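Some notes on the structure that comes next.
Only heavy atoms go into these numbers, but all of them, side chains included; no hydrogens, no water, no symmetry mates. These numbers come from a predicted model, not from an experiment.
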Amino acid sequence: MPENQRLPSMADEDQGTDIHIHVTIRMNIAAKKRPEARLILGSMIEQTKLEEGCVCCRLYQDAMAKGVFMLEEIWTSEHALHRHLRSEKFHAVLLVVEMAAEAPEIRFEKILQSTGISTIKKARRGLHM
């Protein structure tokens, strides 16, 4: 995603009813395959950020379990997501999934509503500090 684009702000109020699809793929990669997996996923992420309908695409590595990577994507529609899942870029993700030392966790979640700091403020209202 270009620098000037940002995720929608969730600072104060509910963000309406626009549906987004949140994708997470969590995989445990053996030590000898990690550099290759990181390289493949890193190059795919930069290309994916430019796809129509991509809100974000990120790669995380678990601080406590060094071999665990999590790929996160957020899409504006099922149509955009399905186009991505059929792409050669996503084929690269499937190659990394096949490198995993155990079955990966793959989730597709529809987000109907998002809130931000207002939820924390509401929950903490009435607490005495």
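In this structure, Leu85 and Phe108 have side chains that are in contact, with non-hydrogen atoms separated by less than 4.5 Å. Counting heavy atoms from C-beta outward, Leu112 and Ile19 have side chains that approach closer than 4.5 Å. At least one side-chain heavy atom of His22 sits less than 4.5 Å from a side-chain heavy atom of Thr24. Here the side chains of Leu71 and Ile45 are in contact, with some heavy-atom distance below 4.5 Å. Looking only at side-chain heavy atoms (C-beta outward), Gln61 and Val68 stay at 4.5 Å or farther from each other.
Closest non-hydrogen pair, Val55 versus Trp75, comes out as CG2-C, 4.3 Å. The two residues Ile40 and Ser43 come nearest to each other via the heavy atoms O-OG, 3.0 Å. Here the closest non-hydrogen pair linking Cys57 and Lys49 is O-CE, 3.1 Å. Nearest approach of Glu46 to Leu50, heavy atoms of both residues: O-CG, 3.7 Å.
Summarising the hydrophobic clusters (Ile, Leu, Val, Met, Phe, Trp, Tyr; side-chain heavy atoms under 4.5 Å, direct or chained), the residues clustered with Met64 are none. Within the hydrophobic cluster formed by Ile, Leu, Val, Met, Phe, Trp and Tyr side chains joined at under 4.5 Å, directly or through other members, Met70 is accompanied by Tyr60.
Under the rule for a side-chain contact (heavy atoms from CB on, under 4.5 Å), Ala103 has no partner lying at least two apart in sequence or in another chain. Every residue two or more places apart in sequence or in another chain that forms a side-chain hydrogen bond (donor to acceptor under 3.5 Å, both in side chains) with Arg107 is listed here: Glu109. Looking at residues two or more places apart in sequence or on another chain, you find a side-chain contact (heavy atoms from CB on, under 4.5 Å) between Ala37 and Ile29, Val96, Met99. Looking at residues two or more places apart in sequence or on another chain, you find a side-chain contact (heavy atoms from CB on, under 4.5 Å) between Glu52 and Arg83. The ring-ring contact (aromatic ring centres under 6.0 Å, His included) search around Phe90 returns His84, not counting sequence neighbours. By the side-chain contact (heavy atoms from CB on, under 4.5 Å) test, Ser77 pairs with His79, Ala80, sequence neighbours left out.
Among pairs with a residue in residues 71-81, those fulfilling salt bridge (charged side-chain N to carboxylate O under 4.0 Å, His left out) read Arg58-Glu72, Glu78-Lys110, at least two apart in sequence or across chains. The salt bridge (charged side-chain N to carboxylate O under 4.0 Å, His left out) contacts involving residues 29-40 comprise nothing, where partners must be two or more places apart or lie in separate chains. Each salt bridge (charged side-chain N to carboxylate O under 4.0 Å, His left out) pair with one or both residues in residues 85-101, not counting sequence neighbours, appears once here: Glu51-Lys89.
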